[in-house]
Amino acid sequence: MLNQLSPYKQGMQIQEVKEKYQLSRIVKLASNENPYGFSPKVQETLEDMSKDFQLYPDGYAAQLRFALAEKLSVTPDQLVFGSGSDELVTLISRAFLGEGTNTVMATPTFPQYRHHSLIEDAFVKEIPTKQGAHDLDGMLKAIDEDTKVVWLCTPDNPTGTVISEAAFIRFMEQCPSHTVVVLDEAYVEFMDDELQFDMQRHIASYPNLIVLRTFSKIYGLAGFRVGYGISNESLATTLNIVRGPFNTTSLSQRIAVSALEDDQFIQETKEKNQQVRAVFEQFLEEIDWDYYPSQTNFVLVETPIDADVAAEYLLKHGFIVRSGNVLGYPFTLRITIGQEEDMAALSSVLKELDEDVKNGAVK
Ligand SMILES: *Cc1c(COP(=O)(O)O)cnc(C)c1O
């Protein structure tokens, strides 16, 4: 099985692009990172943390656990931490999947679900998305007695589209209890308030539900690798058994705690993202390029030419974006919403590209 999979192929790094195209400044809009950085509180914590590195981290991540439990109104033992929510995907796969089991997911969606399910030898049932949205009825039909895990991603990566709460409840009511439902909410903090789910209520109602969240996206801490799962205590305990005892570091735990203390940074990032995204969408309408309606800090944009050619054109002008060809949506680019000036500069380059396509200079 492992010889049929490949290691994660990351996009080009800033330094590589600089050297290849002899550019002095590169804007990376490829991995949905926070263009405003991270909270100043994190900076303060960092500056005062240069001791005690000889000690193992607190395997229970008590300080972070208590702070987060309070913020989310759940009990501390309903949480499980991972080295990014990526690791939670690994832990869930390891805990519930194996030979003779199967798992249901959308396609295309976040690729790690499929990757780790295959590593565990589970049979993967992929249900095509419809206009970028999960086909929940199709997914329900695919569930049988051997389905141990269903993966729902909302907002979905790479389309940015969401599942409505009503549709989610209908899904949960019909999903059998022997199937664990993973609701990956990596971008939840970017969503309009009225579209966000009543997470506490659903966790209380559905003992087979695990919600995944992360400090990598709106918190701007992708480099520190902290994600978490929220579920009832029994599911969380299962995952806490599977995880390595020291899977988050002392530094990352402390940093995450200080990030939780700064709601203002999150609120400001969310508002700026919404404003800049709206301006960018308006621009796409002006040049008549279609895009998927996004509730996130990225937009999946349809390209009039092969996405790799379009991505290369942008690279030469100093912008790294993700080609949809590798994400399962050919003729699209996934573009992270950066800061206002960078998006304005990107828009000028896209406009030039559009003109070059129309006059046949690029095809
Ligand atoms: C970014 C992302 C994650 C994982 O992020 P981590 O850095 O591992 O916490 C998980 N799911 C989706 C859909 C993502 O886009």
Side-chain angles (χ1 to χ4, degrees), residues 7-11 28-35 38 42 61 64 68 79-94 103 105-117 126 129 132-134 149-163 168 181-191 196-197 199 210-230 239 243-244 247-249 251-253 255-256 259-260 266 269 273 292 294-300 321-322 324 326-329 332 334-337:
Y8 177 74
K9 187 169 171 292
Q10 62 177 4
K28 182 165 178 255
L29 302 172
S31 304
N32 310 334
E33 292 135 335
N34 189 331
F38 47 82
V42 167
L64 174 58
L68 192 60
L79 298 172
V80 50
F81 293 98
S83 172
S85 52
D86 260 335
E87 193 192 11
L88 272 307
V89 174
T90 316
L91 299 180
I92 291 165
S93 304
R94 185 153 186 215
T103 179
M105 63 192 70
T107 185
T109 187
F110 190 59
Q112 295 301 310
Y113 314 144
R114 178 175 185 276
H115 188 82
H116 289 288
S117 301
E126 299 182 276
T129 53
H134 283 43
V149 181
V150 177
W151 308 87
L152 304 179
C153 188
T154 181
D156 197 17
N157 182 359
T159 57
T161 55
V162 295
I163 297 172
F168 170 72
V181 178
V182 180
L183 186 72
D184 185 347
E185 293 193 323
Y187 301 93
V188 67
E189 301 91 349
F190 286 106
M191 288 172 69
Q196 294 183 17
F197 294 3
M199 187 269 297
I210 304 175
V211 175
L212 300 188
R213 296 201 180 158
T214 179
F215 284 90
S216 295
K217 302 291 160 59
I218 206 165
Y219 287 92
L221 299 173
F224 279 106
R225 314 303 305 127
V226 189
Y228 56 97
I230 319 159
L239 296 175
R243 78 172 169 85
N247 64 334
T248 54
T249 68
L251 195 55
S252 60
Q253 292 174 18
I255 292 298
L260 283 178
I266 301 304
T269 296
N273 177 66
Y292 290 77
S294 172
Q295 281 288 317
T296 62
N297 65 335
F298 57 85
V299 182
L300 192 71
V321 302
R322 198 80 164 136
V326 286
L327 303 173
Y329 284 92
T332 65
R334 192 191 65 195
I335 300 176
T336 302
I337 301 300

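Bear in mind that the values here come from a model prediction, so they are computed numbers and not experimental data. For the single chain, residues carry numbers from 1 onward in sequence order. One-based numbering, in listed order, for ligands and for the atoms of each. The figures here come from the full heavy-atom set of this structure, side chains too, leaving out hydrogens, waters and symmetry mates.
Screening M191, Q196, R213 against E185 for a side chain to side chain contact (heavy atoms under 4.5 Å, CB included) leaves a single residue, R213. Checked options I266, V188, N273, T296; the residue passing with I218 is I266 (criterion: side chain to side chain contact (heavy atoms under 4.5 Å, CB included)).
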Just list the N/O pairs, ligand 1 to protein, that are under 3.5 Å apart, with the distance for each.
{"residue": "ligand 1", "atom": "7 (O)", "partner": "S216", "partner atom": "OG", "Å": "2.6"}
{"residue": "ligand 1", "atom": "7 (O)", "partner": "R225", "partner atom": "NH1", "Å": "2.7"}
{"residue": "ligand 1", "atom": "7 (O)", "partner": "R225", "partner atom": "NH2", "Å": "3.3"}
{"residue": "ligand 1", "atom": "8 (O)", "partner": "S85", "partner atom": "N", "Å": "3.2"}
{"residue": "ligand 1", "atom": "8 (O)", "partner": "D86", "partner atom": "N", "Å": "2.9"}
{"residue": "ligand 1", "atom": "8 (O)", "partner": "D86", "partner atom": "OD2", "Å": "3.4"}
{"residue": "ligand 1", "atom": "8 (O)", "partner": "R225", "partner atom": "NH2", "Å": "2.8"}
{"residue": "ligand 1", "atom": "9 (O)", "partner": "S85", "partner atom": "N", "Å": "2.6"}
{"residue": "ligand 1", "atom": "9 (O)", "partner": "S85", "partner atom": "OG", "Å": "3.2"}
{"residue": "ligand 1", "atom": "9 (O)", "partner": "T214", "partner atom": "OG1", "Å": "2.5"}
{"residue": "ligand 1", "atom": "9 (O)", "partner": "S216", "partner atom": "OG", "Å": "3.3"}
{"residue": "ligand 1", "atom": "11 (N)", "partner": "D184", "partner atom": "OD1", "Å": "3.4"}
{"residue": "ligand 1", "atom": "11 (N)", "partner": "D184", "partner atom": "OD2", "Å": "2.6"}
{"residue": "ligand 1", "atom": "15 (O)", "partner": "N157", "partner atom": "ND2", "Å": "2.8"}
{"residue": "ligand 1", "atom": "15 (O)", "partner": "Y187", "partner atom": "OH", "Å": "2.7"}
{"residue": "ligand 1", "atom": "15 (O)", "partner": "K217", "partner atom": "NZ", "Å": "3.0"}

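Counting heavy atoms from C-beta on, the side chains of L152 and V181 come closer than 4.5 Å.
Relative orientation of the Y187 and F298 rings is perpendicular, given thresholds of 30° and 60° on the angle between their planes.
Taking the ring centroids of F168 and F197, they lie under the 6.0 Å cut-off.
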Derivation and outcome, side-chain hydrogen bond (donor to acceptor under 3.5 Å, both in side chains), residues N32 and R322: CA-CA 10 Å; N32 310 334; R322 198 80 164 136; over 6 Å; no
